[in-house]
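Shown next, in structure tokens, is the structure this report addresses.
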Amino acid sequence: MRQAIHRLGIKGSALVIKDGIPWLNYATDNKTDTSYLINSVQKSMTATMVMREVEKGKLSLDDSLSKFYPTVPGAEYVKIRNLLNMTSGLDIQPGKKLGTKKFISDKKNIEHDVKYTVFDKNMLGKWHYTSVNYVYLCGIMSQLENKSYEQLFRETFIQPLNLKHTEFLWSSKAKLKKSNWVPGHEYVDGEFVRVKHSKAVKAAHNELGAGSIVMSNHDLAKTIKYILTGNVLTKQSRDILFTGKAPSYYNGGFYNKPQFKIANGAGEGYYTFMRSTKDAKTMIVIQNNHTTSGKFGEMKKRVTSIMSMLLTMD
């Protein structure tokens with residue numbers, strides 16, 4: 001197992017849990033408790049927070065986006081469940097990016113995104129991956145609770161789970177240092193170059209709820225277990241949220257394949273790969289803060305193969 005992971009060429013940390021027992025917990029670079037930007041793996045946590053609003057009776061999966069953002073094109077057709085499983089038909093206008101040029105606030109970012117959102121009715125009900133879906137979900141939760149996404153995340157995960165190596169990327173340098181955070185690096189012209197923190201922070205604000213959190217492998221595994229088996233959601237809610245349909249199998253931030261669940265994150269010099277069985281007893285978490293353009297897709301496939309191999313081991 002260690003050799004298979006080593007062949008990925010990661011510069012980071014790896015955690016392998018088999019039947020509830022840690023098999024491997026090591027770092028090729030950094031440390032086992034180093035925290036990395038998890039990027040889109042965060043979507044499963046955001047989706048869990050949304051489902052809690054459903055359980056409270058403040059939200060329905062059949063509510064239309066127009067109830068919260070009536071000026072978004074096609075908002076009357078888009079349901080909350082479409083945002084969660086990426087079948088909304090929404091996207092950002094070609095040539096435009098999420099968020100304002102300079103970060104002002106979450107609210108201003110969403111106002112900007114509304115202005116440049118486009119809707120393709122032919123894609124409604126068809127899977128198309130774009131973080132704008134989860135940005136709107138964050139805005140909806142803030143409206144319902146009158147709290148920022150950060151406040152809600154801390155109350156839902158960081159505080160109850162006592163996560164010591166989890167923080168928002170835009171937090172103070174002191175807080176990031178306490179979380180054992182390391183900066184990301186991208187391979188450019190034959191060498192790894194550190195990503196500017198200001199650039200990464202702006203991207204984290206723009207990807208609200210979909211790429212804002214740094215976590216260690218242990219904290220991430222603990223949170224995934226809490227989401228899949230803990231009391232943060234009822235079993236009924238989990239069954240609804242974490243069940244996907246072919247061909248994508250995507251729903252609630254996971255690719256819900258028959259054997260195990262998949263989540264991947266990439267951006268700003270970081271890769272995160274998470275694979276977990278439904279009961280969270282067998283899991284792989286691999287994080288890396290040195291990335292190379294063009295390698296992410298192949299690494300995703302190889303980590304999935306490693307997980308399949310793990311499930312056959314005694």
Side-chain angles (χ1 to χ4, degrees), residues 37-50 53 58-59 63-75 78 80 82-84 86 88-120 128-158 166-173 175-176 181 184 195-215 253 265-270:
L37 183 68
I38 66 171
N39 286 293
S40 289
V41 178
Q42 185 183 345
K43 289 185 173 81
S44 61
M45 302 164 202
T46 299
T48 297
M49 292 160 65
V50 170
E53 297 301 313
K58 293 186 175 183
L59 186 66
D63 281 343
S64 297
L65 179 58
S66 58
K67 183 175 179 180
F68 305 94
Y69 293 103
T71 61
V72 171
V78 177
I80 299 301
N82 296 127
L83 299 174
L84 287 165
M86 301 277 188
S88 66
L90 300 176
D91 208 340
I92 290 294
Q93 193 179 110
K96 300 296 181 181
K97 295 181 179 180
L98 291 168
T100 55
K101 191 172 182 180
K102 183 178 180 181
F103 178 73
I104 301 168
S105 67
D106 293 344
K107 185 177 179 181
K108 288 295 182 182
N109 265 5
I110 294 177
E111 288 175 359
H112 168 276
D113 297 342
V114 169
K115 185 177 178 180
Y116 293 107
T117 294
V118 292
F119 173 65
D120 183 351
H128 173 64
Y129 192 93
T130 171
S131 291
V132 72
N133 292 296
Y134 275 68
V135 171
Y136 284 133
L137 288 170
C138 292
I140 289 168
M141 285 190 289
S142 290
Q143 287 186 38
L144 292 173
E145 295 291 344
N146 196 28
K147 295 179 180 179
S148 70
Y149 174 84
E150 178 175 346
Q151 287 177 289
L152 293 170
F153 188 95
R154 291 185 183 279
E155 290 173 5
T156 307
F157 298 111
I158 295 178
T166 298
E167 196 50 77
F168 280 80
L169 188 63
W170 55 69
S171 295
S172 68
K173 290 292 180 69
K175 286 184 177 180
L176 288 173
W181 164 80
V195 176
K196 288 184 178 180
H197 187 59
S198 58
K199 174 180 176 290
V201 167
K202 184 181 184 305
H205 279 300
N206 294 348
E207 298 273 343
L208 185 67
S212 319
I213 290 290
V214 305
M215 278 186 148
E268 311 311 317
Y270 301 91

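Along the sequence shown, the residues carry numbers beginning at 1. Worth saying up front: this structure is predicted, and the values here are computed from it rather than measured. Worth knowing before you read on, the calculation uses all heavy atoms, side chains too, and leaves out hydrogens, waters and symmetry mates.
- Between Gly99 and Asn109, the shortest heavy-atom contact is CA-OD1, 3.4 Å.
- Contact check for Met45 versus Thr156: no side-chain heavy atoms found under the 4.5 Å cut-off.
- To the nearest 0.5 Å, atoms CD (Glu145) and CE (Met49) are separated by 9.0 Å.
- In this model, a donor atom of one side chain and an acceptor atom of the other lie less than 3.5 Å apart for Ser40 and Lys43.
- Shown here for Gly265 and Val41, the closest heavy-atom pair between the two residues is N-CG2, 3.7 Å.
- Taking the six-membered ring where tryptophan is involved, the planes of His205 and Phe103 are essentially parallel, since the angle between them stays under 30° and well short of 60°.
- A distance-only check finds no donor-acceptor pair linking the side chain of Ser64 to the backbone of Ser66 [under 3.5 Å].
- Between Met215 atom CE and Phe157 atom CZ the span is 7.5 Å, to the nearest 0.5 Å.
- A distance of 9.0 Å separates OG in Ser212 from CZ in Phe153, rounded to the nearest 0.5 Å.
- Counting heavy atoms from C-beta on, the side chains of His197 and Leu176 come closer than 4.5 Å.
- Using a 4.5 Å heavy-atom threshold, the side chains of Ser131 and Leu98 count as touching.
- In this structure, the separation between CG on Asp113 and OH on Tyr136 is 5.5 Å, given to the nearest 0.5 Å.
- More than 12 heavy atoms of other residues, nucleotides or ligands lie within 6.0 Å of NZ in Lys58, so this atom counts as buried by the packing criterion.
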Q | Verdict with reasoning, Ser172 to Lys175, per side chain to side chain donor-acceptor pair (under 3.5 Å) | A | CA-CA 5 Å; Ser172 68; Lys175 286 184 177 180; 5.6 Å; no
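- Between Val118 and the options Leu90, Asp91, Ile92, a side chain to side chain contact (heavy atoms under 4.5 Å, CB included) holds for only Asp91.
- Going from atom CE of Met86 over to atom OH of Tyr129 covers 5.0 Å, rounded to the nearest 0.5 Å.
- His112 and Lys97 make their closest contact through CE1-O, 2.9 Å (heavy atoms, listed as atom of the first residue, atom of the second, distance).
- Side-chain atoms of Tyr134 do not come within 3.5 Å of backbone N or O of Leu83 as any donor-acceptor pair.
- Nearest heavy atom pair, residue Ser88 against residue Asn133, reads OG-OD1, 2.6 Å.
- Note that CD of Gln42 is 8.0 Å distant from CG of Leu37, once rounded to the nearest 0.5 Å.
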(Q) Could you walk me through whether Glu167 and Arg154 satisfy the side-chain contact (heavy atoms from CB on, under 4.5 Å) test, starting with their C-alpha distance in whole Å, then the side-chain angles of each, then the deciding distance to 0.1 Å, before giving a yes or no? (A) CA-CA 9 Å; Glu167 196 50 77; Arg154 291 185 183 279; 2.3 Å; yes
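- Residues Tyr69 and Thr117 have side chains not in contact (no heavy-atom distance under 4.5 Å, counting atoms from C-beta outward).
- In this structure a side-chain-to-backbone donor-acceptor pair under 3.5 Å is missing from Asn39 to Gly211.
- Put simply, the side chain of Tyr270 gets close to the backbone of Gly184: a donor and an acceptor are under 3.5 Å apart.
- Across all their heavy atoms, Ala47 and Gly253 have their closest contact at CB-N, 4.5 Å.
- Residues Ile140 and Leu59 are in side-chain contact: their nearest non-hydrogen atoms beyond the backbone lie under 4.5 Å apart.
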Q.
Evaluate Ile80 against Leu137 for side-chain contact (heavy atoms from CB on, under 4.5 Å), listing each step before the verdict.
A. CA-CA 8 Å; Ile80 299 301; Leu137 288 170; 4.0 Å; yes
